[in-house]
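For the numbers below, each heavy atom of this structure counts, side chains included, while hydrogens, waters and symmetry mates do not. What you see is a predicted model; the values in this text were computed from it and never measured. Whatever order the structure lists ligands and atoms in, that order sets their numbers, starting from 1.
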Amino acid sequence: MSTEIITTNQLSKFYGSIRGIHEVSIKVPAGGVGFLGPNGAGKTTLIRTLLGILRPTKGTANVLGYDIKSRINEVRDRIGYIPEFNTSFIPDMTAMKFVAFCGRMNGLAHSESKQRASDSLYYVGLGEERYRKLGTFSLGMKQKVKLASALVHDPEIIIADEPTNGLDPTGRNQMLELIRNLQTDQGKHVILSSHLLRDVEQTTDYAIVFSEGEILAQGNIKQLTSGRRSSISVKVKFNEEHFLNNLKDKGFEVWEEGGFIEVKRVNDTENAIFRAANETSTEIRYLGSRSSTLEDVFVDLFRNKEGIQ
Ligand SMILES: Nc1ncnc2c1ncn2[C@@H]1O[C@H](COP(=O)(O)OP(=O)(O)OP(=O)(O)O)[C@@H](O)[C@H]1O
Ligand SMILES: [Mg+2]
């Protein structure tokens, strides 16, 4: 089996003249992936196109070997979708009834849908509350019900579109942990769409970065972050300017940030810093490592993009 669960080729979706996504070509590897991008970047448009809710304007896409245009039913059977906006829950319906109903909609038989609904609600931590009415649920609980209903037909892929929106830190951590566990314990492929970098970093190893309907970058988060802004932070006591120039003259990338001198990490950077301190008669007061976060990558990518335009 291919290690890619989704591939798209020049996939575009325009709403009239408004660009939703434009010539998106991605390969989503098995396991977990974060769709990362600011508001309006095209994440939801791509997800809804993959699910056949929106018709692509151009291009092709394939989910687990099925073409989204000719085999959309097979695609839908294999995806559990947690939509971005609040599902219009019927307040008087119990969680059990709702999730079982979603199971029926996904083709499960009556008894199976009840059993699976119960299992799914237990899985998301709402086992005890399964016969409570949805109208009495908090936002965090409703998000969990949405997750349970995405799981009810035992899909291979779970797509969660901004599942932490509006949740407090505890609810957010619970949701991200559930999503991560689906991948690690249940062997599901998970796609987490978010504009929050920390959500993606906390949940998956691989990210696809969106901006204005296009893909800015895709790759392993460690690889995306490594070598980009990983740096050594230094504080010196005297001759700061000389020290800085000494390193620059030797070809190091050096900048000042937050009261520190940052030296981009390449081979043997520490030794070069000590040598520079020696040569410029300064004293090193602090030396620490600063590894870049996805946030840095994100900011860098956007800065570069703006620079190009
Ligand atoms: N139904 C629609 N009609 C017209 N334009 C739309 C529609 N849905 C989305 N768009 C436009 O398509 C672009 C991509 O929007 P999309 O909702 O896919 O982004 P997103 O990355 O999911 O953003 P968010 O983080 O806000 O959810 C935006 O410019 C948006 O205004
Ligand atoms: Mg969206």
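At the shortest separation from atom 26 (O) of ligand 1 among protein heavy atoms lies Asn39 ND2, 3.0 Å. Residue, atom and distance of the protein heavy atom nearest to atom 10 (N) of ligand 1 are Tyr15 CE1, 3.3 Å. Summary of contacts: the protein heavy atom closest to atom 25 (O) of ligand 1 is Lys43 NZ, 2.8 Å. Closest to atom 22 (O) of ligand 1 among all protein heavy atoms lies Thr44 OG1, 2.7 Å. Ranking the protein heavy atoms by distance from atom 23 (O) of ligand 1 puts Gly40 N, 2.8 Å first.
Taking all atoms of both residues into account, the shortest heavy-atom contact from Arg285 to Val236 is CG-C, 4.0 Å.
Between Phe260 and Tyr286, a ring centre-to-centre spacing shorter than 6.0 Å is recorded.
Looking at Gln186, Arg116, Arg78 one by one, the single match for side-chain contact (heavy atoms from CB on, under 4.5 Å) with Asp154 turns out to be Arg116. Applying side-chain contact (heavy atoms from CB on, under 4.5 Å) to Glu279 and the options Asn239, Asn246, Leu247 leaves one that passes, Asn246.
Between the Mg ion (ligand 2) and Ser193 there is no N/O/S contact shorter than 2.8 Å. Among the atoms of Glu162, no N, O or S atom is found under 2.8 Å from the Mg ion (ligand 2).
Salt-bridge annotation for Lys235 and Glu240: absent, with no side-chain N of the basic residue lying under 4.0 Å from a carboxylate O of the acidic one.
Proximity of a side-chain donor or acceptor of His22 to a complementary backbone N or O of Glu214 within less than 3.5 Å is not detected.
Listed by number with element, the atoms of ligand 1 under 4.0 angstrom from any heavy atom of Glu84 are 24 (P), 27 (O). Within ligand 1, counting atoms from 1 as listed, the ones closer than 4.0 Å to a heavy atom of Thr45 are 14 (C), 15 (O), 16 (P), 18 (O).
Within the 4.0 Å heavy-atom shell around ligand 1 one finds Arg19. Using a 4.0 Å cutoff on heavy atoms, Glu162 counts as a contact of ligand 1. At least one heavy atom of Pro38 sits closer than 4.0 Å to an atom of ligand 1.
In this structure, atom 6 (C) of ligand 1 is in close contact with the protein, since a protein heavy atom lies within 4.0 Å of it. Protein non-hydrogen atoms do not reach within 4.0 Å of atom 31 (O) of ligand 1.
Residue Tyr123 qualifies as enclosed at atom OH: its count of foreign heavy atoms under 6.0 Å is above 12. When the shell of 6.0 Å around CD1 of Ile53 is examined, it contains more than 12 heavy atoms from other residues, nucleotides or ligands.
Taking all heavy atoms of Ser17, Gly42, Gly20, Gly16 into account, the minimum distance to atom 19 (O) of ligand 1 is reached by Gly42.
In this structure, Lys13 satisfies the cation-pi test against Tyr15, with its NZ or CZ atom closer than 6.0 Å to the six-membered ring centre and inside 45 degrees of the ring normal.
Under a hydrophobic clustering in which Ile, Leu, Val, Met, Phe, Trp and Tyr are joined whenever their side-chain heavy atoms come within less than 4.5 Å, directly or via other members, Val28 and Ile72 fall into the same cluster.
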